[in-house]
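Side chains included, hydrogens not; waters and symmetry mates left out as well; all remaining heavy atoms used. Nothing fancy with the numbering, it's 1 onward along the sequence. A quick note: this is a predicted structure, and the numbers were derived from the prediction, not measured.
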Amino acid sequence: MDAKKGRYGVTAPNVMDSITVEAAFKVADKLKAPMIIDRGGQGEVLEAGADFVAFYAKKYPNVVATLNLDHGGPFEAIMLAIRCGFNSVMIDRSTLPFEENVKEVAEVVKVAHALGVSVEAELGHVGQGVEYEQTRDSGLTNPDEAVEYVKRTGVDCLAVSIGTSHGVYKGTPYLDFPLLEKLVSLVDIPLVLHGGSGTGDDNLQKAVENGIQKVNLATDLVTEGGKYLKDYISKDGVDIRYPACAKVLMDGYAAKLSHYVELFHAVGKAAK
Ligand SMILES: [Zn+2]
């Protein structure tokens, strides 16, 4: 992966609908930045996500984008995502014991690789921000286990837990940079950071500069969209019908995403 050599990070925005997919493509196109579009869920949600991405991929032919299943659940949902056109799948078995995590992930890797689809998996556990103070330490990735895990599963990139959390943090996030350094020195596949939102610009940029190649973002992007909308509708005489408001939401989401592309030194890094 180019990001590993270039010391930059690829933004992985979580998309929810056609508006957020369009925002991701617009930012990628404007900043010539590679983009990993993260979509979670099951069933129709995956089918629709793949259709939105295919639509905008045609509209923005110069954009380098990968569609990745985020936190892939049951085996069937992972297979559906691949059938719908996802070219990458993340399998989260991080709450299972090590051996079971290895077994389930290796099974998906075998099928996915046969179909040319790359696989991300998680070792250690990135928890939820509301329980950050209770779970932060217990979930950290063990470096020796990480080496064994990568070797036995054959995954293409590894989501590690170095002190981030999903959603809004309760407490102040603090990252374990010595642990990241150790993981980088031992594991030679790209490393992924989940729970980018709320982690702070300094922490995230430092993580990227020290070996994280993909940063997942959700809460910060949609919150910024909401802020833009709140500000917009508080003004007198503006058009508050759906299309106008949707455009404002998209602008907020895109502005925050652009900020992270720049923070991770990814501007101009897309080569097609
Ligand atoms: Zn995650």
Side-chain angles (χ1 to χ4, degrees), residues 1-12 36 38 68 70-71 90-102 105-106 118-220 260 263-266:
M1 196 175 171
D2 292 343
K4 188 121 183 156
K5 284 179 255 157
R7 288 285 156 132
Y8 66 91
V10 179
T11 42
I36 296 173
D38 268 349
N68 176 55
D70 193 30
H71 291 278
M90 187 257 179
I91 312 156
D92 182 0
R93 299 293 183 265
S94 61
T95 53
L96 292 179
F98 183 81
E99 287 298 328
E100 283 171 54
N101 186 340
V102 168
V105 170
S118 67
V119 180
E120 171 190 334
E122 180 168 323
L123 186 69
H125 180 64
V126 177
Q128 299 298 322
V130 283
E131 52 181 21
Y132 185 65
E133 283 156 343
Q134 291 81 46
T135 58
R136 186 251 183 212
D137 295 348
S138 60
L140 295 176
T141 305
N142 176 312
D144 295 328
E145 278 187 359
V147 174
E148 193 187 336
Y149 186 80
V150 170
K151 206 171 149 193
R152 286 177 58 192
T153 57
V155 288
D156 302 279
C157 45
L158 183 69
V160 292
S161 175
I162 57 166
T164 56
S165 200
H166 291 109
V168 178
Y169 287 89
K170 194 176 172 202
T172 307
Y174 54 107
L175 304 195
D176 190 335
F177 287 105
L179 172 59
L180 175 60
E181 199 185 324
K182 188 138 198 231
L183 288 164
V184 168
S185 71
L186 293 173
V187 177
D188 58 5
I189 60 170
L191 302 179
V192 181
L193 197 64
H194 280 239
S197 291
T199 304
D201 284 0
D202 290 350
N203 275 334
L204 290 181
Q205 192 176 55
K206 196 173 164 188
V208 163
E209 288 172 351
N210 286 280
I212 289 289
Q213 283 90 43
K214 174 190 174 218
V215 181
N216 284 20
L217 300 156
T219 307
D220 278 1
Y260 282 124
L263 190 74
F264 304 159
H265 314 299

Check: Gly9 main-chain N/O paired with Gln213 side-chain donor or acceptor under 3.5 Å: no
Nearest non-hydrogen partners of Leu123 and Asn142, listed with the distance: CD2-O, 4.5 Å
Pair His125-Ser161, side-chain contact (heavy atoms from CB on, under 4.5 Å): steps then yes or no: CA-CA 6 Å; His125 180 64; Ser161 175; 5.8 Å; no
Donor-acceptor under 3.5 Å (Tyr260 side chain, Asp201 main chain): no
Within 6.0 Å of CG in Asp202, more than 12 heavy atoms from elsewhere: no
Leu183 and Thr141: CA distance, side-chain angles, deciding distance, side-chain contact (heavy atoms from CB on, under 4.5 Å) verdict: CA-CA 9 Å; Leu183 288 164; Thr141 305; 4.0 Å; yes
Under the salt bridge (charged side-chain N to carboxylate O under 4.0 Å, His left out) test, residues paired with Asp70 that sit two or more places apart: none
ring-ring contact (aromatic ring centres under 6.0 Å, His included) partners of residues 177-216, not counting sequence neighbours, each pair once: His71-His194, His166-His194
Over all atoms of both residues, closest heavy-atom pair of Val126 and Ser165: CG1-CA, 3.8 Å
Heavy-atom closest pair, residues Lys214 and Ile212: O-CG2, 3.4 Å
Residues in salt bridge (charged side-chain N to carboxylate O under 4.0 Å, His left out) contact with Glu131, at least two apart in sequence or another chain: none
CG-CG distance between Asp144 and Leu186, expressed to the nearest 0.5 angstrom: 7.0 Å
Carboxylate-amine/guanidinium contact Glu145 Arg152, below 4.0 Å: no
Cation-pi geometry met for Arg136 and Tyr169 (6.0 Å, 45°): no
Met90 CE to Glu122 CD distance, which is reported to the nearest 0.5 Å: 4.5 Å
Heavy-atom closest pair, residues Gly124 and Ser94: O-CB, 3.1 Å
Sole residue of Asn203, Asn210, Val208 in side chain to side chain contact (heavy atoms under 4.5 Å, CB included) with Lys206: Asn210
Sidechain-backbone polar pair: Asn101 side chain, Leu96 backbone, donor-acceptor under 3.5 Å: no
OG1-CG distance between Thr199 and Asp220, expressed to the nearest 0.5 angstrom: 7.5 Å
Min side-chain heavy-atom separation Leu191-Leu193 under 4.5 Å: no
Residues Val160, Leu179; criterion side-chain contact (heavy atoms from CB on, under 4.5 Å); working and verdict: CA-CA 10 Å; Val160 292; Leu179 172 59; over 6 Å; no
Nearest-0.5 Å distance, CG of residue Leu217 to CD1 of residue Ile36: 11.0 Å
Exercise: identify the closest heavy-atom pair between Ser118 and Asp156: CA-OD2, 3.3 Å
Verdict with supporting geometry, Val10 and Phe264, side-chain contact (heavy atoms from CB on, under 4.5 Å): CA-CA 7 Å; Val10 179; Phe264 304 159; over 6 Å; no
Exercise: identify the closest heavy-atom pair between Ser197 and Thr219: OG-N, 3.3 Å
